[in-house]
Structure formats: structure tokens, C-alpha cells
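Have a look at the structure below before the remarks.
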Amino acid sequence: MDGAFAKTIAPWTGQQVRFTTAGSVDDGKSTLIGRILLDAGALMRDQRAALGDGEDLDLAALTDGLEAERAQGITIDVAYRYFATPNANFVIADAPGHEQYTRNMVTAASASDIAVLVVDASRLDNGALKPQTRRHAAIAALMGLDVIVAVNKMDLVGWSQPLFDDISAAFRDIADALDLKHVDIVPVSAKRGDNVVHRGTAGWYEGPTLIELLEGVRPQATRADGPLRFPIQVVLRDGDGRLYAGRIESGAVRPGDEVRTGPHASSTVKSVRNAGKAMAFAEAGASIAIELDDERDLTAGDVIADPAVRYTSQVVADLCWLDEWASTPGRRYRLRQGSKETQARIEDIQFVRNISDFTRRTGVTALNMNDIASVRVSTRDPILADLFADASSGAFVLFDPDTNQTCAAGMIRQVRA
């Protein structure tokens, strides 16, 4: 795990950094986001005026916009905020803190480069980090994210360096247990603004501010660097031929490329088109239509991929169970990988992580809400054998076939023959 107090941050200019924020209820996450937006100059004039003057600014009001959130005093949905500094553009995915809304944290983390976890220094749980903080750290680790820990409300504890050191040590123990590769820890006061965008008054802290740490984030490898994955969204008729339209999720494609169109089928790209015009090249993010040099019985949900793609019907996956109803042994669920759906079954539960100490609990026969587990899943139809560590297509979602309720988010870790 890298050191937390690197003094020199090299800005990554010209990039967009996506980060998710999470924290237990009342740890000050909404206030922290409000402070970032205020001090980064990202507010409209009327928004700034509505905050009032002095030190008692209601910064959380900038983010807790839903009426239900304001009434309950919690964040219950993922909200996306945008701002920029001279060195980078940012997208904030503001995830809920309450345990009931853990699924929203999973949603936010799935499209982020890094996670900012907020810890209230004044409200430790018997001197230990809260269970939801531990759960958020586990989800960040599952998603392969680096972490910045913002130890908040340091002004309420007199900017105690020993307390900050204790919190840092406690989180580093969590990071070691979860194999988090990179953790930075910064003491802040979101209400006052210390060490968020501007330098604080604690003389003992010489590390970077939160915004300097975020400016130093290297966005995850661009999807154009990965293998071709082109999920078909719609099949179009073009005279006597077919065009397969969709959006390139990763990799690139050009006429003449050899591709795979299924577990046992290969073809060659005849043309690549955008709005009816031929293209010599297209890469991740482009919405295009592909024409193959032969007829293929492909439908929406099928994937055109590079020749090295593999398929499987047996995977070992990390699973975050999101349904309030426990999993039922032997029950069939709907598995969605990209836009492809098929039947799936959890064959066995290898272990469930204990959130208190991250030990592995074996002998479990059912998953309960917010359980994080390693499971073996089988599918009726072959799915892409992509590992989540290598490609976003290594993720999937399980649905209840009767209610269409989202049951679990999964990340493929191993592929079985």
C-alpha cells in the first residue's frame, strides 16, 4: 500500500476523473461535496446566494436535493455533479451512506476511477471504524478502485494528530485485509473548508489537500486499449444484407478485421458505418453499425468481439447481494452481462466476508442483503469469459425473474472450463 502523505502531486491534465463518494450517515459526505463545489467555484450565482454568509452555510443542501432526502436527512439516490479545476475535469457520483442503499454505492463505484470515503473523526464506533465504512471499503476493493479517506470534522476534535493517526492505522488494517493497493488519507473539515480545496490550519499536516489528491488521479485505462467488445443493440436491414448497430464498449474496429460472433462462429468486418457514412476506424464510445462479409443470425444482446474472446457457462464471481430477500439455493435467476440475458443459478457459496474483520465465513447456504461473497455461478447459455480485473464486460447483474428486482452485482474472478 502506497504512502498517504506524498508531498508532490503531478496533475493529470486534459483528463476527466470520475470519483464516487460514500460514508456512513451523518459523517458529513454531503457537506464535503458542497464544500468542494463551493470552493472550486462550481456554483451558479443563485446557488451561492442561497447558502447565505458566515460560517453556518448549509452546504449539504447543495447535494441533498430530493425531497425525501431533505425530510430524512440522508442521501437515498446516486446524484452526479460536475466541476472543473485548472488541472482536471471531474464527475462526482454521490452515493448513499445508509446500509439500506448499499446497491447505489455499487452503481456509483462501477463507473468510477477512485472512491472517496468519508469518516467522521468525532463519532467513532467504540473507537473503531463503522461497519458501513468497512462495507464501503470492501465494495471499493471489489470494484478495483483506489481509495482516498477524508477524515472529516477534525475541527470538532481539536485537530488531534494522535486521533488522526489512530484512524489512519485502523483504515490501513482494513486496506491490508482487502488488498487495497493504494490508499491516501487526509484530515479535513468540510464545514470550515480545511484541506478540502484550500490548505488548512493544522501545522502538523504537510500532505496534499483533497482536491490535489484528486487532481493526481490517473483515470483507469481507456476502454480503447482493451479487446473489442461490441454488444448489438439493434439489427437493421440494408438491402439484402444486415447491419448490426450498437456502441463500442471497448477496443476498436476497422474494415477487414477478423471477429468472433459467438462461441463457435467467426467472421470478417466488411464495413463500419456512422449515420450511413463509411468509416475507416472506430473505437470505444462510438455508436456505429457493422456490416459483416457473410450472413449471421445475430440478435440484440449478441456481441461482436475480437478473435481471442472466450465463452463459458461456469464462473467464480464476487457477489454483492442487494435484494432484501435472501437467495434461495438452487433457484434460477436472470443474469445480464451487458445487454445479453440468460438463465443462471448460484451453484454454491464458497464463502461470505465478515464485515467486522473480513474473515471468510464458510458453510453458508443463502445470501442476505449486503452480503459480499464468493460464489460459483452456472449459466444456461455461454457468456463472455472476461475477468472483471481485465474488462468491464467481466461484470454482470442478477435479477429475480418474477419481480425483475435487482438481486446482486457480480464480478467474474475465475473461469471454469
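What you are looking at is a predicted structure, and each value in this text was computed from that prediction instead of being measured.
- Remark: D297 engages no residue in a side-chain hydrogen bond (donor to acceptor under 3.5 Å, both in side chains) (not counting sequence neighbours).
- Here the side chains of V397 and T406 are in contact, with some heavy-atom distance below 4.5 Å.
- In this structure, D302 contributes its side chain and T299 its backbone to a donor-acceptor pair below 3.5 Å.
- When atom types are taken as modelled, the side chain of K130 and the backbone of R123 share a donor-acceptor pair closer than 3.5 angstrom.
- At least one side-chain heavy atom of H198 sits under 4.5 Å from a side-chain heavy atom of D39.
- To the nearest 0.5 angstrom, I92 atom CD1 is 8.0 Å from R81 atom CZ.
- No side-chain donor-acceptor contact under 3.5 Å links Q132 and S24.
- Here R336 contributes atom CZ and T342 contributes atom OG1; the two are 12.5 Å apart, rounded to the nearest 0.5 Å.
- Nearest heavy atoms, S122 versus D120: OG-OD1, 2.7 Å.
- The CZ atom of R172 lies 4.0 Å from the CD1 atom of I185; values are rounded to the nearest 0.5 Å.
- One N or O on the side chain of D371 and one on the backbone of N368 form a donor-acceptor pair closer than 3.5 Å.
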Salt bridge (charged side-chain N to carboxylate O under 4.0 Å, His left out) between D402 and R331, intermediate numbers included: CA-CA 12 Å; D402 297 326; R331 180 167 185 202; 2.9 Å; yes
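- I372 is not listed as a side-chain neighbour of L319, based on a closest heavy-atom distance of 4.5 Å or more.
- The heavy-atom pair separating A252 from L228 by the smallest distance is O-CD1, 3.8 Å.
- Not one N or O on the side chain of T379 forms a donor-acceptor pair closer than 3.5 Å with the backbone of A344.
- Side-chain contact check for N87 and E215: at least one donor-acceptor pair (N or O, by modelled atom type) lies under 3.5 Å.
- Using bins of under 30°, 30° to 60° and over 60° for the plane-to-plane angle, the ring pair W204/F164 lands in the tilted bin.
- Here the side chain of N274 pairs no donor or acceptor atom with the backbone of K277 at under 3.5 angstrom.
- The distance from atom CG of L210 to atom CG of N195, rounded to the nearest 0.5 Å, is 9.0 Å.
- Under a 4.0 Å N-O distance rule, the pair K153/D194 does not qualify as a salt bridge.
- A salt bridge does not link R242 with E291: none of the charged nitrogens is closer than 4.0 Å to a carboxylate oxygen.
- D27 contributes no side-chain N or O that, together with a main-chain N or O of K29, makes up a donor-acceptor pair within less than 3.5 Å.
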Evaluation steps, side chain to side chain contact (heavy atoms under 4.5 Å, CB included), between S112 and L145: CA-CA 8 Å; S112 296; L145 300 182; 4.3 Å; yes
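- Atoms CZ and OG1, from R135 and T133 in turn, are 10.5 Å apart once rounded to the nearest 0.5 Å.
- Residues F90 and R18 have side chains not in contact (no heavy-atom distance under 4.5 Å, counting atoms from C-beta outward).
- A donor-acceptor contact shorter than 3.5 Å is absent between the side chain of N89 and the backbone of Q16.
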Step-by-step side chain to side chain contact (heavy atoms under 4.5 Å, CB included) determination, D294 to K270: CA-CA 9 Å; D294 54 1; K270 182 177 181 180; over 6 Å; no
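- Note that CE of M154 and OG of S189 are 9.5 Å apart. Values are rounded to the nearest 0.5 Å.
- Contact of the I304 side chain with the I232 side chain is registered, since non-hydrogen atoms from C-beta on lie closer than 4.5 Å.
- Within the 4.5 Å cutoff, the side chain of E347 has no heavy atoms near those of the V377 side chain.
- Put simply, the side chain of Q233 never gets that close to the backbone of A300: no donor and acceptor are under 3.5 Å apart.
- The shortest non-hydrogen separation linking I211 to I36 is CD1-CG2, 4.5 Å.
- For the residue pair V151 and A121, the shortest heavy atom distance occurs at CG1-CB, 3.8 Å.
- Under the ring pair (Phe, Tyr, Trp, His ring centres under 6.0 Å) criterion, the residue pairs touching residues 301-352 are W321-Y333, with sequence neighbours excluded.
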Side chain to side chain contact (heavy atoms under 4.5 Å, CB included) evaluation trace for L292 with V259: CA-CA 9 Å; L292 301 176; V259 293; 4.1 Å; yes
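- Residue E249 comes nearest to A284 through the heavy atom pair O-CB, 4.1 Å, listed as atom of the first residue, atom of the second, then distance.
- Dense packing is recorded around CZ of R199, with more than 12 heavy atoms of other residues, nucleotides or ligands lying under 6.0 Å away.
- The existence of a salt bridge linking D386 and R310 is excluded, since no basic side-chain nitrogen approaches an acidic carboxylate oxygen closer than 4.0 Å.
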Stepwise side chain to side chain donor-acceptor pair (under 3.5 Å) check, R376 with Q314: CA-CA 7 Å; R376 185 167 60 89; Q314 295 277 342; 3.3 Å; yes
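- Salt-bridge check for K181 with D146: failed, with every basic side-chain N at 4.0 Å or more from each acidic carboxylate O.
- With salt bridges taken as basic N to acidic carboxylate O contacts below 4.0 Å, one links R229 and D306.
- The shortest heavy-atom contact between F171 and L117 is CZ-CD1, 3.8 Å.
- Side-chain N or O atoms of N152 include one that pairs as donor or acceptor with a backbone N or O of A190 at under 3.5 Å.
- Electrostatic pairing of R334 and E341 counts as a salt bridge here, judged by a charged N lying under 4.0 Å from a carboxylate O.
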Stepwise side chain to side chain contact (heavy atoms under 4.5 Å, CB included) check, D348 with Q350: CA-CA 6 Å; D348 62 67; Q350 299 189 335; 3.5 Å; yes
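- Although no hydrogens or angles enter the test, the distance criterion places a donor-acceptor pair under 3.5 Å between the side chain of R260 and the main chain of P263.
- Counting only heavy atoms from C-beta outward, the side chains of D179 and D176 never approach each other to under 4.5 Å.
- V149 has its side chain within reach of V119: a pair of non-hydrogen atoms, C-beta onward, lies under 4.5 Å apart.
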